[in-house]
Amino acid sequence: MVERVIKNLKSRGFIAEYVQTGEEARKRALELIGSASCGFGGSVTVRDLRIYDSLLENGNELYWHWTVPDEKRNETRKKAMQADFYIASANAVSEDGLIVNTDGTGNRTASMFYGPRNVIIIAGVNKLVPDLEAALKRIRDIASPMNAKRLGLKTPCAKTGCSDCSSANRICRITTIMEAPSTHTENVYVIIVGQELGY
Ligand code: SF4
């Protein structure tokens, strides 16, 4: 399946590659970013790979709303959209090469197609799904409930499962399907990792 995903991502114009481990993904991302500035999407995958920490040690200019006080979050999200690179994960990548994401705020989804010119998307094999329907199901049944639990939100999915809720805490507000890199971006790298990463 990984081979088909990579082949189909490439045929859509993404710069796709496979690495076996999270450590290899981390090194590849650092190599791509070099000394450039970088914005970060909310991502357990990227957090766990400690990419922010490594770039911080390197002295790169970085913007990640997860690292700042609440009152600075909006400003930081906007600055992240103006960096040289943007890095995040995906909620699902389909076998036919679609990259599917759902956000509450929309900064991550928007930054993947109308922010930095260079985007790096790192996705563990647990994010790979057969098709768009399975991608949306994965987001509803796995990614969003786990994120709701991580954030301590009182949404139905945090307890029993998705009910397409009207909760004030709803985190599923913006869903994007990237069929190809946007005309605004120059390089959209997709690194598929042969390990389970994030959710
Ligand atoms: S729509 Fe509501 S209940 Fe369903 S996954 Fe999203 S936040 Fe959870």
Side-chain angles (χ1 to χ4, degrees), residues 1 5 9 14 22 25 39-49 51-52 63-78 80-81 86-115 119-180 182 188 190-193 195-199:
M1 184 180 188
V5 171
L9 284 166
F14 296 107
F40 287 69
S43 167
V44 170
T45 295
V46 172
R47 180 198 69 191
D48 290 350
L49 292 179
I51 291 168
Y52 180 88
Y63 302 101
W64 197 6
H65 61 288
W66 279 13
T67 68
V68 300
D70 284 353
E71 65 273 15
K72 294 261 184 195
R73 285 194 160 204
N74 273 337
E75 180 190 336
T76 305
R77 288 184 185 107
K78 285 180 190 165
M81 295 187 80
Y86 194 80
I87 189 164
S89 185
N91 294 127
V93 181
S94 70
E95 192 172 315
D96 56 351
L98 302 175
I99 299 171
V100 187
N101 287 293
T102 294
D103 268 2
T105 303
N107 58 299
R108 179 185 61 131
T109 44
S111 298
M112 285 186 188
F113 61 81
Y114 202 61
V119 177
I120 301 173
I121 297 168
I122 302 177
V125 283
N126 51 317
K127 307 286 184 74
L128 304 185
V129 293
D131 54 25
L132 177 59
E133 189 182 345
L136 297 172
K137 181 171 165 46
R138 182 181 195 285
I139 292 170
R140 194 175 57 239
D141 292 350
I142 300 172
S144 291
M146 291 189 74
N147 273 313
K149 282 179 194 160
R150 174 178 62 82
L151 295 166
L153 300 176
K154 291 183 173 56
T155 54
C157 59
K159 290 185 182 167
T160 54
C162 178
S163 65
D164 192 16
C165 72
S166 52
S167 164
N169 288 321
R170 178 174 171 134
I171 55 173
C172 311
R173 293 173 182 266
I174 319 280
T175 294
T176 57
I177 303 163
M178 290 177 69
E179 300 179 51
S182 84
V188 179
V190 184
I191 304 173
I192 304 293
V193 187
Q195 284 182 341
E196 296 208 353
L197 292 168
Y199 35 82

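Position 1 is the first residue of the sequence, and the numbers go up from there. Just follow the structure's listing: the first ligand is 1, and inside any ligand the first atom is 1.
- Given atom 4 (Fe) of ligand 1, the protein heavy atom at minimum distance is Cys162 SG, 2.4 Å.
- Heavy atoms of Ser163 come nearer than 4.0 angstrom to ligand 1 in at least one pair.
- The backbone N or O of Leu98 sits less than 3.5 Å from a side-chain atom of Ser94, completing a donor-acceptor pair.
- The aromatic rings of Phe40 and Tyr52 sit perpendicular, their planes meeting at an angle over 60°, well past the 30° parallel limit.
- Residue-environment remark: CD (Glu133) stays at or below the threshold of 12 foreign heavy atoms within 6.0 Å.
- The closest donor-acceptor contact from the side chain of Glu196 to the backbone of Asn126 lies at 3.5 Å or more, if one exists at all.
- When atom types are taken as modelled, the side chain of Asp103 and the backbone of Arg108 share a donor-acceptor pair closer than 3.5 angstrom.
- Listed by atom number, the atoms of ligand 1 under 4.0 Å from Ser144 heavy atoms are 5 (S).
- The proximity of Cys165 to ligand 1, defined as any non-hydrogen pair under 4.0 Å, involves the side chain as well as the backbone.
- Shortest contact from atom 8 (Fe) of ligand 1 to any protein heavy atom: Cys157 SG, 2.3 Å.
- Protein heavy atom nearest atom 7 (S) of ligand 1, with residue, atom name and distance: Ile171 N, 3.6 Å.
- Using a 4.0 Å cut-off to heavy atoms of Arg170, the atoms of ligand 1 that qualify are 1 (S), 7 (S).
- With hydrogens and angles disregarded, a donor-acceptor distance shorter than 3.5 Å links the side chain of Arg138 to the backbone of Tyr199.
- Looking only at heavy atoms of the protein, atom 6 (Fe) of ligand 1 is closest to Cys172 SG, 2.3 Å.
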